[in-house]
Amino acid sequence: METDADAGTVQVKGLRKRFGSVTALDGLSFTLTPGQVTGFVGPNGAGKSTTLRIVLGLDAADDGEALIGGRPYRALSTPLQEVGALLDAGAVHPSRRGRDHLLWLAHSHRIPVRRVDEVLEQVGLASASRRRAGGYSLGMRQRLGIAAALLGDPPVLLLDEPVNGLDPEGIRWIRGFLKSLAREGRTVLVSSHLMSELEDSADHLVVIGRGRVIADTGVRELLAAASGDRVALRTSARTEAMTLLAAAGATVAATDRDALTVSGVNAEKVVQLLAGAGVPFSEVSAHRATLEEAYMELTGDALEFAAPPVTGTEAS
Amino acid sequence: MTTTQTPPAPPNPPVAPYRSTVVPPGRDGFPQLLRAEWTKLRTVRRWNLTLLGAVLLTILISLFAASSGKVETSGEKRGPAPTGPGGIQILDSFRYVHRSLPGDGTLTVRVDRLVGQGETRLSGWAKAGLLLKKSTAQGAPYAAVMVTPGHGVRFQHDFVHDTAGSEGDGVATARWLRLVRDGTRITGYESADGSGWQRVGSADVPGLDGTVQAGLFVTSPMVTRMERSFGAVSVDSRPARATAEFGQVAVSGTQGDWRHTGVGGRLPAGAGESEGAGTSTGTGGAFTVTGSGDIAPAVQDMDLGATSLSGTQLGLVLIAALGALFVTAEYRRGMIRTTFAASPRRGRVLVAKAAVVGAVTFVAGLVASVVSFVIGQPMLRANGHKPPQFAELHFTDGPVLRAVAGSGVLLALIAVLALGLGALLRRTAPAIATVVVLFVAPLVLVSILPLGLSRFLQQVTPVAGFAIQETRTRYGHVDSLCLPEDGCYPQGPWLGLGMLALYVAVVLALAVWRVRRRDV
């Protein structure tokens, strides 16, 4: 039986998986805890979907294990009520009506039919529920897939690329929705190959590349680390500024004719130095990295060196 | 919708894990699986149409088969076909040398010779021996002990009952026979020398009460020669006459003179050698008797029951398509992952699928075969397939019920076979193609390949299942052609269906084994 400490957690421990000569997962480990939206990020082919399939007991790992609340998925007696998963929004028979797709899932667990209408309402698909799924837009299929994941009202939700195909309104909706699910104490994993999709919704990030975890960190820590102490500087006297700052120990890169990026010294120091030497400047700002930039930095390294560089701090 | 400007709450473990208050604890037991799969099946309209199409196609082809063959009865009309006890159609023609036997008694005889007359070789089932019969009318109850050229000594009564005695060496040496009547209990004996007697068989024949006829008989069935090549069959049946020499005739309890009767000897004019006609000479201790005909249940070449169910052979293609699609459609779109994530015990999922698709196709097959039979039989009769040449089949006859219900089982098994193949191959077209090759190819081949190979195919391929559609009763003591093109399966209905069931069990077991191990 699951212990209270394990309740609602997803533990991935040292997963390895090869497909022929391709190593898809190379010792992947992370833990998901309740109450957080975790972004599961990596370039296409990094192993996100393979990981989710192994967690759901669909693929067998060559080594390592994945536990839901301390138990392997295949040992769950009512999986839909413990883990809700969206793997592929297209995985619906096109001739079946949206509602019927949820109906067979509900019947497989003796979930009351009213719950079907409930989740349809929740994802905003109630009006289209009696249409054939083949006529759905990708966004509607995503909503149907999310409804299926919610059907058993599970404490753990694993959603593979749920934002894909949603319209702007849908994206805004799902961000808020995911956060509200986490606030209820659920464990929510959202995978994406676009970090920007997760910018406003994820609390925590697991970044993988080439089957390994590159970063397992809180979003804030990651942003802070990626931003570093870089300063954006706009000046008409580029050469003087570069010489002066380099002499002060900073690393300076020219990004435009009159723009520089300075790292190694903070904004305050830059202003001090420039003002002291009488070098004209029009703008100094502490650079704030976007999640996308932080991610590119991480995965870029991963692709070049195929080794996890030191990033962020250990989250919780 | 929720606004998103508030910064994400810092992860503050331990957060109380979510507990559902909305959904009561469920179950994912086997009944739930069955219900889920049933919901899947009924909610795809295309599959409902496929099923309906299979039913309609089966009926249509069956009725086409029933309406296409015409039989013209030439010559004089015969009277009602002779029927024996129990109402079955029979042959009852032989030469009879007999006396009355009012009470108990014993007949003993030595059969010295049994030979054919003319050029025609004797059938293995030519018969010569002792016979008790209620009267000389065709179909009257009887019991007899006899020698045959091909099947040793036999004890037979009331047409369908047959007990083998010693194999002996055919009719090469003389053989003693004895028939004892004790009330309605008749017992046959044989002996090599007339002193040591062995019991062959015994039966209580209720019809043989009061005064009966007792005596010697000889009969010889038609000799059939068949030539068969690439679908063309020529069957040549000729009457044969057999002559037996009887010696040491000893009777007790009989009355009156020996009478010589050709039982069933009256045939329409010009019908060639008359059956049952024959000659007999002799008195007292020795007789020479020549006879032609047979004492046996009538065997029909054409199986009217199977003919009116022949649409199954095409209906199976749509049924197989449904069976395969029920699993391959899920593989095609990745829905199988949803299925196996909801029910990780994959073997059970496959078994539930098999049960649902099997049950649904059984009902569909049953509807199709009931309608085909009920409409097809009157059509066949209207085309001349009627008594006396063809026995009328009734829906409640045992063999008919077996064939009609069996057709439903047959289609259900084919659907499950296709489902298993679909789970193994994971793609629709190869799964359906495999079923078609397994069934339709043998069905075509058996009518053009040499007989031995055809019969082999009928027994070892899944086509064997079609044996269940046979409504003819086959008897071990009657020669029949049993041609594949007549829908005759040498192994009989249950063994045939069993062979198909074996295929299904093996394929489904393989599929379960494979699906449980393979990544999806």
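Just the heavy atoms: all of them, side chains too, but no hydrogens, waters or symmetry mates, feed the values below.
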Problem set entry | Contact winner vs chain B - Ala106(A), Pro155(A), Ser108(A), heavy-atom pairs under 4.5 Å | Ser108(A)
Exercise. Of all of Leu87(A), Val83(A), Leu181(A), Thr78(A), which one pairs up most often with chain B through heavy atoms under 4.5 Å apart?
Worked result: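 Highest number of pairs under 4.5 Å: Thr78(A).
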Exercise. More than 12 foreign heavy atoms under 6.0 Å from CZ of Arg427(B): is that the case here?
Worked result: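 Count not over threshold, so no.
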Exercise. Is the number of heavy atoms from other residues, nucleotides or ligands within 6.0 Å of CD (Glu121(A)) greater than 12?
Worked result: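 12 or below, so no.
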Counting only heavy atoms closer than 4.5 Å, note whether [X] contacts chain B via side chain, backbone, both or neither.
X: Glu184(A); value: both
X: Leu58(A); value: both
X: Arg115(A); value: side chain
X: Leu151(A); value: backbone
X: Arg186(A); value: both
X: Leu76(A); value: backbone
X: Ala85(A); value: neither

How long is the gap from [atom1] on [X] to [atom2] on [Y], to the nearest 0.5 Å?
X: Thr43(B); Y: Arg99(A); atom1: OG1; atom2: CZ; result: 11.5 Å
X: Arg45(B); Y: Arg96(A); atom1: CZ; atom2: CZ; result: 14.0 Å
X: Leu103(A); Y: Arg42(B); atom1: CG; atom2: CZ; result: 6.0 Å
X: His109(A); Y: Leu33(B); atom1: NE2; atom2: CG; result: 9.0 Å

Exercise. Of all the residues in residues 503-520 of chain B, which have a heavy atom that comes within less than 4.5 Å of a heavy atom in chain A?
Worked result: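 Against chain A, the residues of residues 503-520 of chain B that fall inside the cut-off (heavy atoms, under 4.5 Å) are Arg516(B), Arg518(B), Asp519(B), Val520(B).
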For this session: Using heavy atoms and a sub-4.5 Å threshold, report which of residues 324-340 of chain B line up against chain A, by residue number.
Result: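 From residues 324-340 of chain B, the residues near chain A are Ala329(B), Arg333(B), Gly334(B), Met335(B), Arg337(B), Thr338(B), Thr339(B), Phe340(B).
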Name each donor-acceptor pair under 3.5 Å that joins a side chain in residues 360-370 of chain B to protein atoms two or more places apart or in another chain, with its distance.
{"from": "Thr361(B)", "atom 1": "OG1", "to": "Val357(B)", "atom 2": "O", "distance (Å)": "2.6"}
{"from": "Thr361(B)", "atom 1": "OG1", "to": "Gly358(B)", "atom 2": "O", "distance (Å)": "3.2"}
{"from": "Ser369(B)", "atom 1": "OG", "to": "Gly365(B)", "atom 2": "O", "distance (Å)": "3.0"}
{"from": "Ser369(B)", "atom 1": "OG", "to": "Leu366(B)", "atom 2": "O", "distance (Å)": "3.2"}
{"from": "Ser369(B)", "atom 1": "OG", "to": "Val404(B)", "atom 2": "O", "distance (Å)": "2.9"}

Minimum heavy-atom distance [X]-[Y], with the two atoms named:
X: Pro154(A); Y: Tyr18(B); value: O-CD2, 4.0 Å
X: Val44(B); Y: Ser95(A); value: CG1-CB, 3.7 Å
X: Pro79(A); Y: Ala342(B); value: CG-O, 3.5 Å

Exercise. Of the backbone (N, CA, C, O) and the side chain (C-beta and beyond), which part of Trp38(B) lies under 4.5 Å from a heavy atom of chain A, both, or neither?
Worked result: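 Contact with chain A: none, neither part.
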Problem set entry | Non-hydrogen side-chain atoms of Arg346(B) and Arg74(A) separated by less than 4.5 Å |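 In contact.
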Exercise. Do we see a donor-acceptor contact under 3.5 Å between the side chains of Ser20(B) and Asp153(A)?
Worked result: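 Yes, Asp153(A) and Ser20(B) have a side-chain donor paired with an acceptor closer than 3.5 Å.
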Problem set entry | For Ser129(A), all residues meeting side chain to side chain donor-acceptor pair (under 3.5 Å), sequence neighbours excluded | none
